[in-house]
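Each chain gets a letter, A, B and so on, in the order the sequences are listed, and its residues count up from 1.
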Amino acid sequence: MAAEVASVERAAAIARVRAATTESRGGRLALIAVAVAFLALFLLLPLAAVFTEALRQGLGAYLAALAEPDALAAIRLTLIVAAIAVPLNLLFGLAAAWAIAKFEFPGKALLTTLIDLPFSVSPVISGLIYVLLFGAGSALGPWLQRHGVEILFATPGIVLATLFVTFPFVARELIPLMQEQGTTDEEAALSLGASGWQTFLRVTLPNVKWGLLYGVLLCNARAMGEFGAVSVVSGHIRGLTDTMPLHVEILYNEYNFVAAFAVASLLALLALLTLVLKALLELRFDGRSGAGH
Amino acid sequence: MDVSILDVRKDFDRFPALHGVSLEIRSGELVALLGPSGSGKTTLLRLIAGLEFPTEGCIRFGEDDASTRSVQERNVGFVFQSYALFRHMTVLDNIAFGLRVRPRASRPPRRAIRARALELLDLVQLPGLEGRFPSQLSGGQRQRVALARALAIEPRILLLDEPFGALDAKVRKELRRWLRDLHDSTGHTTVFVTHDQEEALELADRVVVMSQGRIEQVGTPDEIYDAPNSPFVYGFIGESSALPVEVDDGEVRTADRPTGLRVEGLEGPATLFFRPRDVDIVEGAGPSIAGVAVAVRRREDGRRVELEVGPARHRVEVELPLGRRVVTGERLGLRPRRWKLFSADDPARSVDWATAGAGAAAAAAGPLPLALERQ
């Protein structure tokens, strides 16, 4: 009995101690309410609006809008661009993170800063870089034209712009992870006789696989959703150089709201899917530190 | 496997970590590299392993010049301070790693690898844990798995970097004894790095004391403890007191008083080292090191007295038998029984109680009966 009283008193004492680092009940509720209201107003409401607009004239009109040849071409182009840009950035990101986290070399700080450049530059500028590089007025432009190489207003330009914009995602995800893990695991593998390649495949890659997947996911979401940079280099040729985001804009400007929102809803679904996968990966992350795999 | 380290220098970005170190390690020996942090002991271990390459000099495994070989080719078992177990692999997969990455021609069959890994798990006394992941093991268990993993490749030598550094005191003691037994039963040439002198003296056949990128002394634990050959080793190993003295015509003086010690072959300013226990009290007015007791502490089997000597108030510590009562503020006369004197100008020149001249021995013998036996 006495012990029970003591334990209750103890719990109360702990609760009082906790209270020192927490807001009062009213304050907490107010903060939560503000956060939830903000989320609902600025995130959930627009999302819901996209789907209601898309389905305003029924499922039939929705599917018909998606089956339209120009929409299908936009979806195809978006998938092609992502299918090229994401694997390449997976490789570049891995290489850059490896170099930065595991080696010392002159210019390392500069490289680390450069990786962030696509994040700090407006996407429109990112697109303009390629126009300046490959456009008709540039030094390279006429040469490319003579040799029949199309970069601007064609798929290669869109891929390049997307590559540039989505470059940081994988590298940024991996650098802190690899830095934290250091190089002793690799040294251990090497001292046990593993070759460099075996060490990479069996030790380094498994150590970062969840972070890598997460980075790829974000990279993919951005590759499919990028508007600004792609808009500058695409030329907006319907059925040829329109990606999904560009196509949405064109349809919207033509007051074809159902079709615009139908395509937009696909992008929204992609975003939701990315978030769900990200949440699942984070669960794995947390579980790993406890269970070891 | 004999290991010879010949005049090895290592610079990191032009900052020297090792200056011309030479060392012979005999086959089957258990050697400790002991020193404070920054002494270069871990660098030396990593050079032997091939995780670093010397700026100058050469490392031989037997007759084989290992310094041009990669870490893979050297076939050493390295146990890292942080264990570096592969976190996504089970204990069994960790231990089997070194065998599984071998080229097909020299790789044992799958079953044999598994059997070998289980056998090693028995050897490190962790049977039944093969399915666990590293994060499910205690620190001591991880340490043993790391050792089993290093042993799996049948290494030519075993290298351990601060093997017990991250463990609590009790586990550390247990593992220490266990590692000694393991070494005796497997006979691997073993080198381990430690900053803990107790660990080095208790475990190793020979101890290599390092400081500031140099080897200060190599010897058995007895040699290191009883005959330190430099002021650094005297100060670093065991407890000691140091006192600046002046040798004038063979007479050792401190604070302008004779200490009653006489030496031959050394003149001028010097530093006198002695262990706190190796001291007698000189009662009465005979020549001695005179000091004022400023602190008295009880120890398990003696009384620890801190004294201030001379006008410069140099602090020395001595341990007196329990029977001799000392109060703070009391003036005491001391004479070390075992001591060593290093010249202040050239620390390589030294004299100790055993090698001091015969005259010194006679002088020391005089007032001694007065000392401790009375109680």
Top of B:Val76, B:Val101, B:Leu51 for chain A proximity - count of heavy-atom pairs under 4.5 angstrom: B:Val101
CZ (B:Arg206) with more than 12 external heavy atoms under 6.0 Å: yes
Donor-acceptor contact present, side-chain B:Gln72 to main-chain A:Ala194, <3.5 Å: yes
Chain A contact via B:Ala152 - side chain, backbone, both or neither, heavy atoms under 4.5 Å: neither
Side chain to side chain contact (heavy atoms under 4.5 Å, CB included), paired with A:Ser191, selected from B:Leu159, B:Asn75, B:Val71: B:Val71
Over 12 foreign heavy atoms within 6.0 Å of CZ, B:Arg107: yes
Contacting region of B:Arg46 [heavy-atom separation from chain A under 4.5 Å]: side chain
Portion of B:Arg100 that has a non-hydrogen atom of chain A nearer than 4.5 angstrom: both
Inter-residue atom distance B:Tyr83.OH - A:Asp185.CG, 0.5 Å rounding: 14.0 Å
Atom CZ of B:Arg114 with >12 non-hydrogen neighbours under 6.0 angstrom: no
Enclosure of A:Phe105 CZ (heavy-atom neighbours >12, cutoff 6.0 Å): yes
Heavy-atom closest contact (B:Ala84 atom, A:Thr184 atom, distance): CB-O, 3.8 Å
Test side-chain contact (heavy atoms from CB on, under 4.5 Å) applied to B:Phe78 and A:Glu187, step by step: CA-CA 9 Å; B:Phe78 199 103; A:Glu187 284 182 339; over 6 Å; no
Residues, nucleotides or ligands: over 12 heavy atoms within 6.0 Å of B:Gln212 CD: no
Nearest-0.5 Å distance, NE2 of residue B:His88 to CG of residue A:Asn207: 6.0 Å
Toward chain A, the part of B:Leu85 with a non-hydrogen atom under 4.5 Å: backbone
